[in-house]
Amino acid sequence: MSTYIIKGARILGGEPADLLVRDGVIAETGTGLDGSGAQVVDAAGLVALPGLVDLHTHLREPGREDAETVESGTKAAAMGGYTAVHAMANTDPVADTAGVVEQVWRLGREAGYCDVQPVGAVTRGIAGEQLAELGAMADSAAAVRVFSDDGHCVSDAVIMRRALEYVKAFDGVVAQHAQEPRLTEGAQMNEGEMSAALGLRGWPAVAEEAIIARDVLLAQHVGSRLHVCHVSTAGSVEIIRWAKSKGCPVTAEVTPHHLLLDDGKAGTYDPIFKVNPPLRTADDVTALRHALADGTIDCVATDHAPHPVEAKETEWAVAAMGMIGLETALPAVQEAMVETGLLDWAGVADRMSHRPAEIGRLSGQGRPLEAGSPANITLYDPSPRRAVDPSAMTSKSRNTPFAGLELPGRVVATFLRGEPTVLEGKLQ
């Protein structure tokens with residue numbers, strides 16, 4: 001393996017220091033290190049973060065390779081500073097058996113741009129009727145520990161309870177897409193003043209909040225781990241805050257787009273802003289930011305949801321829901337959280353690397369940048385500002401809600417176990 005010395009990086013935004021990377025691990029940190037024979041990476045002015053970890057990525061393979069593949073998605077992840085992603089189960093076929101999750105896991109290993117940890121479906125075919133092969137997926141080569149029917153809610157309370165009970169045996173977690181289906185039939189955007197003005201069927205906040213309230217009580221009753229996907233409302237934040245105060249084993253995530261954008265964007269009728277859960281009000285955005293800052297919401301997850309052009313460039317009512325986010329997540333979080341003073345770079349590392357790795361049980365990821373840790377490293381330049389250009393993205397899809405928006409920062413380098421996947425802003 002190669003040896004690198006990263007010179008003058010600001011570890012977690014602190015004072016400049018060097019990192020000596022040898023045999024896939026960080027051998028030493030400090031100033032004036034002897035890097036004889038090592039390849040030098042000039043990191044002056046760059047922030048060094050542990051490699052980012054995403055708990056919520058849609059890689060679409062198998063079945064929708066027109067939108068994304070494991071290879072193209074992990075290339076996009078590396079360009080965004082990620083060294084590990086959790087691949088959601090709503091593929092075709094659904095990742096509800098050991099065979100399918102192992103296929104996704106092996107495709108990730110073959111691509112080599114970041115670790116791919118498959119998420120197994122909770123129910124067969126994500127149909128919400130029978131539990132999937134949870135134990136077999138946990139025992140497979142992919143060692144699945146996170147299970148989700150994302151895209152669909154596990155709305156049956158009995159099925160949800162059984163899933164929570166089952167995953168306790170191997171320290172798994174059920175990640176819930178909180179959406180009461182009867183309250184959201186035909187819903188197009190957040191229910192409120194904007195939906196009324198636009199004549200679009202509303203998606204009430206209570207449809208999310210009711211499921212979260214039910215599930216935190218179930219998790220507390222069973223004593224099992226619950227993770228709430230893409231929290232989007234102030235009411236959801238308060239329920240999760242209450243649950244944590246009672247010792248409930250619940251964690252939660254928020255997406256970059258819910259931290260930056262509100263339902264006013266729907267006023268353009270541009271389906272690029274159509275997403276599940278929908279963009280909410282400005283007050284919800286404020287509540288989500290403060291919840292991420294105070295730890296009520298544990299982490300940022302992209303919910304990277306690629307779609308082909310024809311699925312988005314159509315009328316709002318029939319357009320697909322979802323946005324890509326791997327390549328813009330860190331700039332979006334800088335804009336929403338760092339520039340506003342709500343998080344420092346150590347906080348960003350905690351919410352985008354350490355906590356998601358802990359929730360997903362990825363022992364080799366999210367580690368501090370210190371001697372002996374795996375050399376999973378992101379080097380980030382927070383200073384430049386530039387407009388987001390969809391045509392310059394690595395993902396196969398272009399459905400970014402940030403197109404044309406000026407965001408700060410860029411990923412300069414990403415190291416996966418000591419080997420660069422990105423250098424000088426370019427894939428290796």
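- For the pair Pro277/Gln179, no side-chain contact is recorded, criterion being any heavy-atom separation below 4.5 Å from C-beta on.
- Two residues are said to be in side-chain contact when any heavy atoms from C-beta on lie closer than 4.5 Å; Arg161 and Leu164 fail this criterion.
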Passes salt bridge (Lys or Arg N to Asp or Glu O under 4.0 Å), Asp156 versus Arg162? Steps please.
CA-CA 10 Å; Asp156 187 312; Arg162 288 174 179 165; over 6 Å; no

Could you walk me through whether Asp263 and Phe273 pass side-chain contact (heavy atoms from CB on, under 4.5 Å), step by step?
CA-CA 9 Å; Asp263 62 352; Phe273 299 113; over 6 Å; no

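- Remark: side-chain polar atoms of Arg361 are not paired, donor with acceptor, to backbone N or O of Gly172 under 3.5 angstrom.
- Here the closest heavy-atom approach between residue Val146 and residue Ala175 is recorded as CG1-CB, 4.1 Å.
- With hydrogens and angles ignored, the 3.5 Å screen pairs a side-chain donor or acceptor of Gln176 with a backbone N or O of Val154.
- Salt bridge Asp66/Arg64: present, at least one basic N to carboxylate O contact under 4.0 Å.
- For the atom pair Leu59 CG and Thr91 OG1, the distance stands at 9.5 Å (nearest 0.5 Å).
- Residue Arg385 qualifies as enclosed at atom CZ: its count of foreign heavy atoms under 6.0 Å is above 12.
- Within a 6.0 Å sphere centred on NZ of Lys244, heavy atoms belonging to other residues, nucleotides or ligands number more than 12.
- Remark: side-chain polar atoms of Glu129 are not paired, donor with acceptor, to backbone N or O of Arg124 under 3.5 angstrom.
- Lys312 contributes a side-chain N or O that, together with a main-chain N or O of Lys274, makes up a donor-acceptor pair within less than 3.5 Å.
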Apply the test ring pair (Phe, Tyr, Trp, His ring centres under 6.0 Å) to residues Phe147 and Tyr166: give CA-CA distance (whole Å), side-chain angles for both, the deciding distance (0.1 Å), then the verdict.
CA-CA 11 Å; Phe147 299 87; Tyr166 201 112; 8.4 Å; no

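- A 4.5 Å side-chain heavy-atom check between Leu342 and His290 finds at least one atom pair inside the cut-off.
- A 4.5 Å side-chain heavy-atom check between Ile126 and Asp150 finds every atom pair outside the cut-off.
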Apply side-chain contact (heavy atoms from CB on, under 4.5 Å) to Asn276 and Trp203, showing your working.
CA-CA 10 Å; Asn276 182 349; Trp203 187 309; 3.2 Å; yes

Just do the side-chain contact (heavy atoms from CB on, under 4.5 Å) check on Glu133 and Val101 with the steps written out, would you?
CA-CA 11 Å; Glu133 299 176 6; Val101 296; over 6 Å; no

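- At distances below 3.5 Å, at least one donor-acceptor pair connects side-chain atoms of Ser373 with backbone N or O atoms of Pro368.
- Of all the heavy atoms in Gln365 and Gly51, the pair that sits closest is OE1-O, 4.5 Å.
- Between the CE atom of Met323 and the OG atom of Ser397 there is a distance of 14.0 Å, given to the nearest 0.5 Å.
- The two residues Val85 and Ala77 make their nearest non-hydrogen contact at CG1-CB, 3.9 Å.
- Ile26 approaches Leu19 most closely through the heavy-atom pair CD1-CD2, 4.1 Å.
- Of all non-hydrogen atoms in Gly120 and Ala89, the two that sit nearest each other are C-CB, 3.8 Å.
- More than 12 heavy atoms of other residues, nucleotides or ligands shown are found within 6.0 angstrom of CD on Glu406.
- Between Glu313 and Arg398, none of the side-chain N atoms (NZ, or NE/NH1/NH2) sits under 4.0 Å from a carboxylate O, so this pair counts as no salt bridge.
- Using a 4.5 Å cut-off on side-chain heavy atoms (C-beta onward), Arg60 and Lys396 make no contact.
- One finds the CH2 atom of Trp316 at 10.0 Å from the CD1 atom of Ile272 (value rounded to the nearest 0.5 Å).
- Looking at Gln130, its side chain never comes within 3.5 Å of a backbone N or O of Gly128 through a donor-acceptor pair.
- The residues Lys7 and Asp42 are annotated as not salt-bridged, no charged nitrogen and carboxylate oxygen being separated by less than 4.0 angstrom.
- In this structure, the side chains of His354 and Pro50 stay at 4.5 Å or more apart for every pair of heavy atoms.
- Arg145 places a side-chain N or O within 3.5 Å of a backbone atom of Ala138 that can act as its donor or acceptor partner.
- Across every non-hydrogen atom of Glu208 and Ser236, the tightest pair is OE2-OG, 2.7 Å.
- Between the side chains of Arg280 and Ser232, at least one donor N or O sits under 3.5 Å from an acceptor N or O.
- Atoms CG and CE, on Leu292 and Met337 in that order, are 4.0 Å from each other to the nearest 0.5 Å.
- A distance of 8.5 Å separates OG1 of Thr74 from CD of Glu68, quoted to the nearest 0.5 Å.
- The main-chain N or O of Pro401 is never found under 3.5 Å from a side-chain atom of Asp270 such that the two would form a donor-acceptor pair.
- Checked by atom type and distance alone, the side chain of Glu102 pairs as donor or acceptor with a backbone atom of Ala141 at under 3.5 Å.
- Taking 4.5 Å as the limit, some side-chain heavy atom of Leu416 sits within range of a side-chain heavy atom of Asn376.
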Please assess His58 against Asp303 for the test side-chain contact (heavy atoms from CB on, under 4.5 Å), listing each intermediate value before the final yes or no.
CA-CA 7 Å; His58 297 275; Asp303 194 9; 3.1 Å; yes

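- Of the charged side-chain nitrogens involved, none lies within less than 4.0 Å of a carboxylate oxygen, so that Lys168 and Glu165 do not count as a salt-bridged pair.
- In this structure, a donor-acceptor pair under 3.5 Å is absent between the side chains of Thr286 and Asp283.
- Of the residues listed (Thr328, Thr255, Asp54), the one engaging Thr302 in a side chain to side chain donor-acceptor pair (under 3.5 Å) is Asp54, and it is the only one.
- Checking side-chain atoms of Ser195 against main-chain N and O of Arg201 turns up no donor-acceptor pair under 3.5 Å.
- The existence of a salt bridge linking Lys75 and Glu71 is confirmed by a sub-4.0 Å separation between a basic side-chain nitrogen and an acidic carboxylate oxygen.
- The one candidate from His257, His56, His258 that meets the ring-ring contact (aromatic ring centres under 6.0 Å, His included) condition with His230 is His56.
- By the neighbour-count criterion of 12 heavy atoms within 6.0 Å, atom CD of Glu193 is sparsely surrounded, having that number or fewer from other residues, nucleotides or ligands.
- One distance of note links CZ of Arg355 with CZ of Arg351; it measures 4.5 Å at 0.5 Å rounding.
- Under the 4.5 Å side-chain criterion, counting only non-hydrogen atoms from C-beta, Asp149 is not in contact with His177.
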